[in-house]
Structure formats: structure tokens, C-alpha cells
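The block underneath contains the structure these notes are about, expressed in C-alpha cells.
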Amino acid sequence: MPTNQNRFPRSAADGGFSWRCRRKLSKREWTIIGAAAAFSVLVLIISPILVSRTYTSTNTNTNSGAASEWVPLTILSKGQENSAFCLDGSLPGYHIRRGLGSGSDSWLLHVEGGGWCNTISSCSARKRTKLGSSTYMEPEVQFLGILNHDPLQNPDFFNWNKVKIRYCDGSSFSSHPENEFKNGTKLFFRGQLIWDTLMDELLSIGMSKARQALLTGCSAGGLATLIHCDDFRNLLPKDANVKCLADAGFFLNEKDIAGKHTIESFYHEVVNLQGVAKSLNHECLARSEPSKCFFPQEFIGNIKTPVFLVQPAYDFWQIANILVPDSSDPTGSWLRCKLNILHCNSSQLEVLHGYRNSLLKTLSGFHKNPEGGVFVNSCFVHCQTWVAETWHSPSSPRINSKTVAESVGDWYFKREAAIHIDCPFPCNPTCYHRDLTFG
Ligand SMILES: *[C@@H]1O[C@H](CO)[C@@H](O)[C@H](O)[C@H]1NC(C)=O
Ligand SMILES: *[C@@H]1O[C@H](CO)[C@@H](O)[C@H](O)[C@H]1NC(C)=O
């Protein structure tokens with residue numbers, strides 16, 4: 001089986017977090033930061049290798065290369081005339097596999113994730129990666145999970161037109177060029193332009209005749225899905241069945257364990273740096289400041305199109321970046337727990353259960369929405385829709401005996417109730433907990 005670097009979000013790359021230090025740091029603190037940085041570089045290098053080894057040994061049958069497909073990168077050439085560029089000025093890209101038979105008028109778009117950048121220096125660093133430049137994107141990626149063309153692995157969407165949208169702007173497709181610096185820094189804030197140009201292109205190659213469509217995405221791509229959901233709906237025929245599915249995109253606005261508003265400050269910086277406000281929900285903007293409206297909990301009630309959330313209650317990205325960012329744990333006593341939930345002690349688990357409770361409380365209004373749906377499982381994972389093992393396989397996490405794929409399909413086609421809330425960790429034996437440690 002070919003190893004696919006793109007199969008799993010790498011912990012560090014997916015974060016894209018960079019922390020601005022507002023005060024002078026002591027020598028000791030710098031040592032800690034240095035050690036942590038060295039550590040994350042190691043994780044970055046080692047994790048894709050280990051991850052593929054773990055998965056190949058346990059799941060050769062469910063994820064064999066034979067049953068999935070490598071799909072080439074298409075460069076969005078229209079980007080040139082519209083000035084829709086990645087952070088570094090290169091043209092954006094996407095991967096497309098055309099639908100077949102009964103799926104030829106159905107469209108599934110999956111938006112790639114990869115965190116955000118909040119400072120000139122973090123955006124400049126990003127520009128030299130595939131999350132900021134198409135120069136570094138893989139020439140082809142494997143279509144897995146919700147993108148798979150095999151009905152056994154993707155029962156409801158296998159024959160649809162499928163597009164994987166590459167993420168190279170750093171703002172969940174919401175930045176605006178007015179915020180670019182004119183004094184020599186070459187950074188392009190064209191997220192919204194990339195989005196608009198790509199939609200134009202897809203409409204022109206058949207999406208304008210869609211009878212069914214599903215906009216999806218994971219992580220920062222899940223947030224992009226929610227931000228652009230209603231606009232996407234409005235591009236398509238009135239009588240088409242159009243819905244949105246956000247995977248691990250419901251980032252909670254919670255204080256970290258040190259009582260600091262880490263994620264809120266981070267979002268504030270992203271929104272201000274990249275001029276994101278113009279892309280955000282207008283009803284939300286009328287009552288809250290723009291950076292608040294980057295949090296799904298502030299605008300999900302205003303989305304008119306039906307939305308489904310696949311959201312792990314113990315999302316390892318949120319735990320490591322929102323609840324226990326490195327800045328909140330200077331002695332590193334949470335490190336083992338952040339890498340593997342089975343290594344958390346009872347007091348740490350209490351804190352994690354508290355986070356789950358906040359999530360459920362925040363969602364309590366949303367899942368009264370008759371058109372909406374949720375799959376909140378108690379697993380230590382992040383993205384679950386584009387990963388073969390978690391989407392629909394013998395090792396998939398299940399709630400009420402349904403896989404993620406079955407729950408999403410039931411909701412999309414209105415076959416069954418769409419609210420699935422798991423019992424707290426560790427009650428669900430079907431959970432697929434990620435182990436982010438070395439061995
Ligand atoms: C551009 O100049 C302004 C004003 O001097 C400064 O505040 C800003 O940081 C500069 N931007 C860059 C990217 O250097
Ligand atoms: C759990 O670990 C933390 C951090 O090492 C420690 O402060 C706490 O006392 C431990 N709790 C229990 C119940 O062992």
C-alpha cells in the first residue's frame with residue numbers, strides 16, 4: 001500500500017498555531033519552549049511514518065490501495081485573471097473525480113484543513129509549505145473515506161462528483177486583500193477570492209446543474225464549510241437538495257486550563273491580520289465583534305441550510321490547542337495525556353469531561369433544529385470523514401451501532417433521526433483513539 005502523507009492531519013502542521021509572546025521570557029522558559037519546539041518537529045517528522053505503520057498493521061483489508069484512488073491536482077488557472085492566489089502568490093488547486101451514473105448530477109466538495117496563521121511571521125512560514133503554496137502540494141492525493149468511489153467504503157456518496165479543495169490561504173477561505181501590507185511583505189490574503197473563483201469554475205463544469213450537493217470539510221476546512229454554507233447553497237438550483245457537513249470544525253470558545261482566553265486571542269489575531277470580517281455571518285456581525293463570529297457557536301444558529309456536525313467530544317486538536325495549549329502547561333505535565341488519552345490520570349480526565357460538557361451545552365440549542373444533525377462521539381481523534389478507518393469500516397467508531405458514514409447518510413437522505421450523542425469516555429468500545437506518541 002502506498003503511504004499517503006496526506007492521510008492524516010499531522011499534529012503540528014494541522015495546528016498552524018504560533019504563539020506571540022507578549023512579555024520577555026526567562027532563560028528557563030526559553031529552554032522549555034526550545035524543548036517543546038524540538039519535540040514538535042520530531043512529532044511532525046515521525047508521526048506520518050508511525051501512523052501509517054499502525055494503520056497498515058491493523059487495517060490492511062479496509063484501506064487497501066486497490067480500493068481507493070489517486071487523483072491528480074488541478075491548478076485553478078482562472079485564479080490568474082481573478083488574482084486569486086495562495087499566500088505566496090501561486091495559483092490554488094483542487095482534485096476532482098467526476099461522478100458516474102445516478103451520481104453524475106450530485107456534487108460533494110471536501111475542504112482541506114490545516115489551522116490558520118495569525119501573524120506576519122507565521123503566515124510567511126506557511127507560505128513555504130503546501131498550506132500556503134501550490135508549489136509544495138502533492139501532485140496527486142488518495143481519495144479515502146467520504147471521497148472514496150467504492151460503495152463498500154462509502155455507501156451513499158461513492159458515485160458522486162467529488163472535489164477535494166486544497167487549502168492555501170490560512171484563513172478558512174475568508175481573507176481579503178485590503179489587509180495585505182503594501183510595504184514590502186509579500187503575503188496574499190485572497191481566501192474569499194479563491195473560494196469565489198473555485199465555485200465559478202465548478203459551476204461552469206457541471207455543478208450549476210446539481211440536483212444534490214454536500215459541502216464538507218474537516219478542521220479549518222470544517223469551519224470554512226460553516227462560514228460558506230449558505231452562500232454555497234445560494235449558488236445552486238433552488239430545487240436541489242443542498243446540505244453542509246462540518247467535521248471537527250466546531251472550535252469551542254473556551255478558556256485554557258490556566259484561565260487564559262488563548263483561542264479567543266488567537267482568532268482575534270487571525271481575523272484582524274487577514275481582514276476576515278467581510279466573509280462572516282452578517283447577523284452575527286450585527287451583534288458581536290468580528291473575531292467572535294469566527295466561532296461556529298456564534299453563528300451556527302443563523303445558518304439557514306441544513307448542517308450536520310461530526311465532532312469528537314475529546315478532539316485531540318482542541319485539547320492540545322484550546323484547552324491545554326503549551327503556554328498553559330509550562331511544566332509539561334499534560335504532555336503524555338495530550339498525546340494519548342489512555343495516559344491521562346483521573347484529574348486530567350475530569351478536565352476533559354468538563355470540556356465535553358461545555359461542548360454538549362453549547363450544542364444544546366443547535367440539536368433542537370429539526371434539519372440539523374450531530375455525531376458527537378467520545379473518541380480521541382480529530383478528522384473522521386476523510387479517513388477510511390473512521391468513516392465506514394469494521395473498526396469505525398459507532399454510536400447506536402451506526403458508523404459516521406451511516407449517520408451522515410441517514411441525515412442527508414432523511415432516513416432516520418440524526419442526533420447521535422455518545423456516552424462519556426471510556427464507555428464506547430468502538431472508539432478509534434489516536435495515539436500520537438512515538439511508540
Ligand atoms: C508596514 O508598515 C507599518 C507601519 O510602519 C508597520 O506597522 C507594519 O508592521 C509593516 N508591515 C510589515 C509587514 O512590515
Ligand atoms: C495527575 O497529573 C497531574 C499532572 O502531572 C498532577 O498534578 C495530578 O496530581 C495527578 N492527579 C492524580 C489524581 O494522580
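- Salt-bridge formation is not detected for the pair Glu264/Lys255: no Lys NZ or Arg NE/NH1/NH2 atom is positioned less than 4.0 Å from an Asp or Glu carboxylate oxygen.
- Between Ile227 and Asn281 there is no side-chain heavy-atom pair separated by less than 4.5 Å.
- Checking Arg287 against Asn302 by side-chain atom types alone, a donor-acceptor pair falls below 3.5 Å.
- Tyr167 places none of its side-chain heavy atoms less than 4.5 Å from the side chain of Ile165.
- Ser106 and Gln212 are linked by a side-chain donor-acceptor pair at a separation below 3.5 angstrom, with hydrogens and angles left out of the test.
- Checked by atom type, the side-chain pair Ser122/Thr119 shows a donor-acceptor distance below 3.5 Å.
- The residues Glu112 and Arg166 are annotated as salt-bridged, a charged nitrogen and a carboxylate oxygen being separated by less than 4.0 angstrom.
- The minimum heavy-atom distance between Ala388 and Gln153, with the atom names listed, is CB-OE1, 4.2 Å.
- Here CD1 of Ile263 is found 10.0 Å from CG of Leu252. Values are rounded to the nearest 0.5 Å.
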* Candidate pair Val242 and Leu235, rule side chain to side chain contact (heavy atoms under 4.5 Å, CB included), full reasoning -> CA-CA 10 Å; Val242 182; Leu235 294 172; over 6 Å; no

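- No donor-acceptor distance shorter than 3.5 angstrom exists from the side chain of Ser133 to the backbone of Lys130, with no hydrogens or angles considered.
- Distance check, rounded to the nearest 0.5 Å: CH2 of Trp334 to CG of Leu352 gives 5.0 Å.
- In this structure, the separation between OG1 on Thr262 and CD1 on Ile257 is 9.5 Å, given to the nearest 0.5 Å.
- Side-chain atoms of Asn321 never come within 3.5 Å of backbone atoms of Pro325 as a donor-acceptor pair (strictly under, hydrogens ignored).
- Side-chain atoms of Asn118 never come within 3.5 Å of backbone atoms of Val270 as a donor-acceptor pair (strictly under, hydrogens ignored).
- Side-chain contact check for Asp169 versus Cys86: every heavy-atom pair is 4.5 Å or farther apart.
- By the 6.0 Å and 45° rule, Lys162 does not stack over the aromatic ring of Trp107.
- Using cut-offs of 30° and 60° for the angle between ring planes, the Trp116 and Tyr267 rings count as perpendicular.
- Taking 4.5 Å as the limit, some side-chain heavy atom of Ile205 sits within range of a side-chain heavy atom of Ile96.
- The aromatic rings of Phe413 and Trp160 sit perpendicular, their planes meeting at an angle over 60°, well past the 30° parallel limit.
- Judged by distance alone, with hydrogens and angles left aside, the side-chain atoms of Glu254 form no donor-acceptor pair with the main-chain N or O of His261 at under 3.5 Å.
- Side-chain N or O atoms of Asn340 include none that pairs as donor or acceptor with a backbone N or O of Asp435 at under 3.5 Å.
- Side-chain contact between Trp391 and Val404 is present, with at least one heavy-atom pair separated by less than 4.5 Å.
- Taking 4.5 Å as the limit, some side-chain heavy atom of Ile300 sits within range of a side-chain heavy atom of Leu309.
- By the 6.0 Å and 45° rule, Lys243 stacks over the aromatic ring of Tyr412.
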Exercise answer: donor-acceptor pairs, residues 72-84 side-chain atoms, under 3.5 Å, sequence neighbours excluded:
{"unit_1": "Asn82", "atom_1": "ND2", "unit_2": "Thr197", "atom_2": "OG1", "d": "3.1"}

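- A donor-acceptor distance shorter than 3.5 angstrom exists from the side chain of Gln318 to the backbone of Phe250, with no hydrogens or angles considered.
- Side-chain polar atoms of Asp329 and Ser333 form a donor-acceptor pair below 3.5 angstrom.
- Closest heavy-atom contact between Ala246 and Gly222: CB-O, 3.6 Å.
- At least one donor-acceptor pair closer than 3.5 Å links the side chain of Asp422 to the backbone N or O of Ser378.
- The backbone N or O of Ser204 sits nowhere less than 3.5 Å from a side-chain atom of Ser208 that would complete a donor-acceptor pair.
- Taking 4.5 Å as the limit, some side-chain heavy atom of Leu187 sits within range of a side-chain heavy atom of Ser124.
- Ring centroid separation for the pair Tyr314 and His433 does not come in under the 6.0 Å cut-off.
- For the pair Arg356 and Phe380, the NZ or CZ position fails the cation-pi test of under 6.0 Å to the six-membered ring centre and within 45 degrees of the ring normal.
- For the atom pair SG (Cys123) and CD1 (Ile120), the distance works out to 8.5 Å, reported to the nearest 0.5 Å.
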* Asked: Can His176 and Gln274 be said to form a side chain to side chain contact (heavy atoms under 4.5 Å, CB included), step by step?
  -> CA-CA 6 Å; His176 287 264; Gln274 302 196 54; over 6 Å; no

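- The minimum heavy-atom distance between Pro177 and Leu193, with the atom names listed, is CG-CD1, 4.3 Å.
- With ring centers used as reference points, Phe295 lies 6.0 Å or more from Phe251.
- Panel note: side chain Ser328, backbone Asp256; no donor-acceptor pair is recorded below 3.5 Å.
- Under a 4.0 Å N-O distance rule, the pair Lys304/Glu283 qualifies as a salt bridge.
- Proximity of a side-chain donor or acceptor of Asp247 to a complementary backbone N or O of Thr385 within less than 3.5 Å is detected.
- In this structure, CD1 on Ile194 lies 11.0 Å from CZ on Phe188, to the nearest 0.5 angstrom.
- Tyr355 and Ala313 get closest at one heavy-atom pair: CD2-O, 4.3 Å.
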* To do: Go through Asn357 and His353 one step at a time and tell me if the side-chain hydrogen bond (donor to acceptor under 3.5 Å, both in side chains) criterion holds.
  => CA-CA 6 Å; Asn357 290 339; His353 293 320; over 6 Å; no

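- Considering CG of Asp315 and SG of Cys379, their distance stands at 11.0 Å, rounded to 0.5 Å.
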* To do: Could you give me the CA-CA distance, side-chain angles and deciding distance for Val71 and Lys164, then say whether side chain to side chain contact (heavy atoms under 4.5 Å, CB included) is met?
  => CA-CA 9 Å; Val71 180; Lys164 181 181 170 102; over 6 Å; no

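- In summary, Lys338 and Asp326 engage in a salt bridge, as defined by a charged side-chain N under 4.0 Å from a carboxylate O.
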* Check against side-chain hydrogen bond (donor to acceptor under 3.5 Å, both in side chains), Tyr94 and Glu201 -> CA-CA 11 Å; Tyr94 62 96; Glu201 172 136 326; 2.5 Å; yes

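- Two rings, from Phe158 and His149, have their centers 6.0 Å or more apart.
- Glu180 has a carboxylate O that lies under 4.0 Å from a charged side-chain N of Arg190, or vice versa, which qualifies the two as a salt bridge.
- Residues meeting the salt bridge (Lys or Arg N to Asp or Glu O under 4.0 Å) test with Asp410, sequence neighbours left out: Lys402, Arg415.
- The two residues Gly409 and Asp156 make their nearest non-hydrogen contact at CA-OD2, 3.3 Å.
- Scanning both residues, Ala213 and Leu236, for their nearest heavy atoms gives CB-CD1, 3.6 Å.
- Using modelled atom types, one finds a donor on one side chain and an acceptor on the other under 3.5 Å when comparing Ser279 with Gln192.
- The aromatic ring centroids of Trp411 and Phe375 lie 6.0 Å or more from each other.
- Side-chain atoms of Leu215 and Leu245, non-hydrogen and from C-beta on, never get closer than 4.5 Å to each other.
- Sorted by first and then second residue, the pairs that involve residues 221-238 and meet side-chain hydrogen bond (donor to acceptor under 3.5 Å, both in side chains), not counting sequence neighbours, are Asp230-Thr305.
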